[in-house]
Amino acid sequence: MTSKERMLLALEGQTPDRLPVTIHQWQDYHLQHFMGGMTDIEANRACGLDASINCFRLLETESPSWRVEAQTTPTRDGHETLYTIHTPEGTLTTREGSNAMTTWVLEPLVKHAEDIEWIRKYQPVPRFDRRHAFETYDALGDSGILRTFLCGKQGGCWQDACELYGVERLILATYDDPDWVHRFLQILLAQKLRYIEENLRGLPFDLVETGGGASSNTVISPAIHREFCLPYDQKLHEALHALGYRVVYHTCGGMMRILDCILENGCDVSETLSPAAIGGDIATDGQARQLHDTLRPKLSLIGGMDQINLLTYGTPDAIAREVERLFQVFGAGGGYICSASDHFFEAPVENLRAFARAAQRCSYSA
């Protein structure tokens with residue numbers, strides 16, 4: 001059975017020959033510093049993993065009503081970039097910091113309530129590089145599955161708004177001015193729906209990722225999630241299903257108190273099953289089985305592996321024991337892809353190979 005066949009069976013809720021095993025989105029830093037400059041497809045093959053490749057490349061979109069200027073200055077560990085956006089009604093600014101590993105928001109784009117209307121009126125919908133998607137699909141072949149994201153800094157509307165406004169400020173706004181928050185989310189939803197309709201039709205993706213960590217119940221309450229995440233997630237997932245795509249809902253963080261919302265939002269797959277040691281709220285086998293028994297009748301599952309304490313700092317024996325445990329608590333009956341719960345940057349190559357070998361021993365046919 002090929003990696004692609006194995007992973008697609010798991011996504012359909014079935015049992016493949018053995019436990020599929022992968023990571024979540026290989027990082028350029030790791031590819032350069034630990035994998036000798038390989039591509040993500042090559043790195044998966046070198047480690048014996050079933051590939052889960054993320055393809056998201058946008059083409060430059062020019063608009064006289066949304067002109068972006070970037071000014072970059074070096075810092076001790078990397079650089080900062082100030083983006084100045086000129087619109088017919090005024091100027092918006094945002095700053096990002098970057099180092100060799102990642103990028104983060106230093107100054108949010110939305111500072112005043114009226115700024116969201118400028119986004120609505122003037123920000124162009126991005127154009128996706130369709131040729132790159134087909135080229136990546138051909139290069140991947142039977143080595144695994146192809147994934148993509150939605151436009152914006154995060155896939156989900158709430159999560160995107162957190163990046164644009166600041167998570168603490170947005171949480172407070174749900175109490176102080178909930179109508180404005182809904183207006184903000186409706187603007188982002190309209191952009192994402194246009195992006196789906198104008199860009200994603202007919203592309204060879206096996207999964208489209210939505211959601212994001214800011215919707216987890218270690219960031220917001222289940223009540224906020226139900227009011228400000230669920231209805232917008234449902235509309236995104238309906239649009240993706242209309243084009244024939246499976247949807248994976250990404251919740252890096254706590255998810256045990258929003259399992260009902262994950263079931264209701266219309267996704268096909270739930271990730272990241274993050275253990276408590278890396279910020280999730282799955283602390284015991286009993287909780288893992290509760291999650292499995294709640295979601296698995298309707299959804300497939302991806303994740304579970306602690307990418308820091310085990311894949312980065314653990315031993316091959318400890319990794320193998322954890323893979324066997326995950327197979328027992330999440331993999332019973334199929335429908336599960338064992339994966340690093342989220343990004344890593346310095347995991348030893350031998351640990352990744354031990355991760356793959358351990359999963360290869362978890363057979364459904366035995």
Side-chain angles (χ1 to χ4, degrees), residues 7 9-16 19-22 24 156 158-159 207 209-230 233-234 237 246-311 314 318-342 355 358-359 362 364:
M7 299 176 89
L9 279 174
L11 294 178
E12 292 165 4
Q14 301 182 38
T15 53
L19 178 65
V21 59
T22 193
H24 182 74
W158 168 268
Q159 297 86 336
L207 278 179
E209 180 181 325
T210 66
S215 73
S216 68
N217 59 237
T218 40
V219 178
I220 59 174
S221 69
I224 290 178
H225 184 107
R226 177 165 288 277
E227 180 176 354
F228 295 96
C229 297
L230 179 59
D233 292 334
Q234 288 172 329
H237 299 170
R246 296 181 191 87
V247 176
V248 56
Y249 194 70
H250 186 96
T251 313
C252 49
M255 57 189 296
M256 293 300 297
R257 298 172 63 207
I258 55 170
L259 297 181
D260 56 342
C261 290
I262 294 172
L263 278 174
E264 291 177 44
N265 72 27
C267 67
D268 305 286
V269 187
S270 176
E271 63 182 24
T272 64
L273 318 183
S274 298
I278 54 169
D281 59 356
I282 305 171
T284 66
D285 284 356
Q287 290 174 318
R289 292 191 178 96
Q290 177 190 348
L291 182 148
H292 175 273
D293 294 346
T294 301
L295 297 184
R296 260 297 294 125
K298 293 186 177 180
L299 309 180
S300 295
L301 304 174
I302 298 176
M305 173 56 73
D306 180 334
Q307 73 275 12
I308 304 300
N309 300 291
L310 286 172
L311 287 187
I319 291 167
R321 288 193 297 270
E322 179 65 359
V323 170
E324 177 61 29
R325 187 188 73 85
L326 293 171
F327 182 49
Q328 296 301 322
V329 297
F330 290 131
Y336 172 56
I337 296 174
C338 186
S339 173
S341 287
D342 218 309
F355 181 41
C362 295
Y364 284 105

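None of these values were measured; they are calculated from a predicted model.
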Original post:
Hey, are the side chains of C252 and H24 touching, using non-hydrogen atoms and a 4.5 Å cut-off?
Top reply: no

So, do Y364 and Y336 have ring centers that fall under 6.0 Å from each other?
no

(Q) Do L310 and F355 have side chains that approach each other closer than 4.5 Å (heavy atoms only, starting at C-beta)? (A) no

Salt bridge (Lys or Arg N to Asp or Glu O under 4.0 Å) pairs touching residues 295-307, sequence neighbours excluded, are none

Sequence neighbours excluded, the answer for side-chain hydrogen bond (donor to acceptor under 3.5 Å, both in side chains) partners of S300 is none

R257 meets the salt bridge (charged side-chain N to carboxylate O under 4.0 Å, His left out) criterion, sequence neighbours left out, with none

Residues at least two apart in sequence or cross-chain that pass ring-ring contact (aromatic ring centres under 6.0 Å, His included) with H225, listed by chain then number, are none

Residues at least two apart in sequence or cross-chain that pass side-chain hydrogen bond (donor to acceptor under 3.5 Å, both in side chains) with Q328, listed by chain then number, are E324

dist L301:CG -> L326:CG (nearest 0.5 Å) comes out at 11.0 Å

Minimal heavy-atom distance between M255 and D281, with the atoms involved, is N-OD1, 3.0 Å

Across all chains, not counting sequence neighbours, the salt bridge (charged side-chain N to carboxylate O under 4.0 Å, His left out) partners of E227 are none

Between S216 and I258, the two heavy atoms sitting closest are CA-CD1, 4.3 Å

Got I337 and L11 here, is their nearest side-chain heavy-atom distance under 4.5 Å?
yes

Sequence neighbours excluded, the answer for ring-ring contact (aromatic ring centres under 6.0 Å, His included) partners of H292 is none

- [ ] Spell out, as yes or no, whether a donor-acceptor pair under 3.5 Å connects the side chain of Q234 to the backbone of E264.
- [x] yes

Here the pair of heavy atoms bringing C362 nearest to V323 is SG-CG1, 4.1 Å

d(M7 CE, T22 OG1) to nearest 0.5 Å is 4.5 Å

dist I319:CD1 -> N309:CG (nearest 0.5 Å) comes out at 11.0 Å

When rounded to the nearest 0.5 Å, the distance separating OG of S274 from CE of M256 is 12.5 Å

Exercise for review: Please examine the side chains of V248 and S270, heavy atoms only from C-beta on, and report whether any two atoms are closer than 4.5 Å.
Suggested key: no

dist T284:OG1 -> Q290:CD (nearest 0.5 Å) comes out at 8.5 Å

**Report entry** Any V21 side-chain heavy atom under 4.5 Å of S339 side chain
**Finding:** no

* Asked: Does any non-hydrogen side-chain atom of I262 lie less than 4.5 Å from one of L299?
  -> yes

Residues at least two apart in sequence or cross-chain that pass salt bridge (charged side-chain N to carboxylate O under 4.0 Å, His left out) with R246, listed by chain then number, are E12

On a heavy-atom basis, the closest approach of G304 and S341 is N-OG, 3.3 Å

Could you check V269 against L207 for side-chain contact (heavy atoms from CB on, under 4.5 Å), going step by step and ending with a plain yes or no? CA-CA 9 Å; V269 187; L207 278 179; 4.0 Å; yes

With sequence neighbours left out, the residues meeting side-chain hydrogen bond (donor to acceptor under 3.5 Å, both in side chains) with Y249 are S215, D233

Residue pairs passing the salt bridge (Lys or Arg N to Asp or Glu O under 4.0 Å) test with at least one member in residues 265-276, sequence neighbours excluded, are R147-E271

ask   = Got L295 and L263 here, is their nearest side-chain heavy-atom distance under 4.5 Å?
value = yes

Original post:
Do L259 and L291 have side chains that get closer than 4.5 Å, going by heavy atoms?
Top reply: yes

Sequence neighbours excluded, the answer for side-chain hydrogen bond (donor to acceptor under 3.5 Å, both in side chains) partners of T15 is none

Distance col, row I302:CD1 vs F330:CZ, nearest 0.5 angstrom, shows 12.5 Å

With side chain to side chain donor-acceptor pair (under 3.5 Å) as the test, would you mind laying out the steps for H237 and T210 before giving the verdict? CA-CA 8 Å; H237 299 170; T210 66; 2.8 Å; yes

Contacts of R325 meeting salt bridge (charged side-chain N to carboxylate O under 4.0 Å, His left out) (sequence neighbours excluded), chain-then-number -> D285, E322

- Message: Tell me if a side-chain donor or acceptor on T218 pairs with a main-chain N or O of G254 at a distance below 3.5 Å.
- Response: yes

Mind running side-chain contact (heavy atoms from CB on, under 4.5 Å) on I220 and C229 for me, showing each step along the way? CA-CA 10 Å; I220 59 174; C229 297; 3.9 Å; yes

